[in-house]
Amino acid sequence: NDMKRIFRILNKTADNSRLNEMDRYTQHGSTSTLMHTIAVAHYSVALARRFRIPVHKRELIRGALLHDYFLYDWHEKHPDNRMHGFTHASKALKNADKDFLLNRLERDIIEKHMFPLTVKPPTTREGWIVCLVDKGCSLMETFGKDPYWELRNELKTKYGDLYKKLKEHEGNEIKKV
């Protein structure tokens, strides 16, 4: 089951990182950055499965979960936030590099998901999938009303302990995984 795998990887990722901090920040509309990345992981796996695109699922999921690991509120009026669309991918990669041992596929996903705002396009199938799904999710978040209520409900009801862990904003001990 793809959802089970996504939530298993999400759980392991949250254990060893600052991932739960992403729940503090709004991405688009009323969607948190954390929920946005969970949705991007879910729809990326679904797209690959629907079109029978051969992918490395673990890397696809981890890259999707970490693609917006920039860890700040980009809506705040601050000079550093003015170019967020152009710069946050490199900030996310820098943060992810601090907390994780990333492989080439995961780095490609994180670093290049904002193409064409970033000059370099993705070089992997996984990178292209997250790049495209990220744009679709952003549109749903901006124009939809609570677009991920089903996904959030599944996380709450089937994976309650994980949901609670993600809602805790205490600092986790960071161990590179």
If you compare all heavy atoms of Ile9 against all heavy atoms of Thr13, which two are closest, and at what distance to 0.1 Å?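 That would be O-OG1, 2.7 Å.
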Are any of the side-chain heavy atoms of [X] and [Y] separated by less than 4.5 Å?
X: Lys91; Y: Lys94; result: no
X: Leu155; Y: Leu166; result: yes
X: Pro122; Y: Ile109; result: no
X: Thr33; Y: Asp23; result: no

Which residue pairs satisfy the ring-ring contact (aromatic ring centres under 6.0 Å, His included) criterion with at least one member in residues 138-160, sequence neighbours excluded?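 Listed by first then second residue: Phe7-Tyr159.
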What pairs meet the ring-ring contact (aromatic ring centres under 6.0 Å, His included) rule with one or both residues in residues 111-132, with sequence neighbours excluded?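 Every pair satisfying ring-ring contact (aromatic ring centres under 6.0 Å, His included) with a residue in residues 111-132: His67-His113, His88-His113, Phe115-Trp128.
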Side chain to side chain donor-acceptor pair (under 3.5 Å) against Ser138, all qualifying residues, sequence neighbours excluded: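 Side chain to side chain donor-acceptor pair (under 3.5 Å) check on Ser138 returns nothing, list empty.
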Residue pairs passing the salt bridge (Lys or Arg N to Asp or Glu O under 4.0 Å) test where at least one lies in residues 29-38, sequence neighbours excluded: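 Found none.
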Any chance you could measure [X], atom [atom1], to [Y], atom [atom2], to the nearest 0.5 Å?
X: Asn11; Y: Leu162; atom1: CG; atom2: CG; value: 5.0 Å
X: Ile6; Y: Ile38; atom1: CD1; atom2: CD1; value: 9.5 Å
X: Arg5; Y: Leu60; atom1: CZ; atom2: CG; value: 9.5 Å
X: Leu66; Y: Asn95; atom1: CG; atom2: CG; value: 10.0 Å
X: Arg152; Y: Ser32; atom1: CZ; atom2: OG; value: 8.0 Å
X: Leu132; Y: Cys137; atom1: CG; atom2: SG; value: 11.0 Å

Among all residues two or more places apart in sequence or in another chain, which pass the salt bridge (charged side-chain N to carboxylate O under 4.0 Å, His left out) test with Asp134?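 Not a single residue meets the salt bridge (charged side-chain N to carboxylate O under 4.0 Å, His left out) criterion with Asp134.
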My understanding is that only residues two or more places apart in sequence, or in another chain, count here; which of them pass salt bridge (charged side-chain N to carboxylate O under 4.0 Å, His left out) with Lys158?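 Lys158 satisfies salt bridge (charged side-chain N to carboxylate O under 4.0 Å, His left out) with Glu154 only.
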Tell me every residue that passes side-chain contact (heavy atoms from CB on, under 4.5 Å) with [X], counting only those two or more places apart in sequence or in another chain.
X: Glu106; result: Arg58, Glu59, Arg62, Leu102, Asn103
X: Thr123; result: Asp108, Lys112
X: Asn1; result: Met3, Lys4

Say whether [X] and [Y] are linked into one hydrophobic cluster, either directly or through other cluster members, by side-chain heavy-atom distances under 4.5 angstrom.
X: Phe100; Y: Val130; answer: yes
X: Met22; Y: Met35; answer: yes
X: Leu65; Y: Tyr163; answer: yes

Pairs of donor and acceptor atoms involving the side chains of residues 43-56, under 3.5 Å and at least two apart or interchain, shall be tabulated with distances.
from  : atom 1 : to     : atom 2 : distance (Å)
Ser44 : OG     : Val40  : O      : 2.7
Arg49 : NH1    : Asp2   : OD2    : 2.0
His56 : ND1    : Glu126 : OE2    : 3.1

Apply side chain to side chain contact (heavy atoms under 4.5 Å, CB included) to the pair Val133 and His42, showing each step before the final yes or no. CA-CA 10 Å; Val133 169; His42 168 70; over 6 Å; no
Judged by atom type as modelled, is there a donor-acceptor pair below 3.5 Å linking the side chain of Tyr69 to the main-chain atoms of Ile110?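 Answer holds: no.
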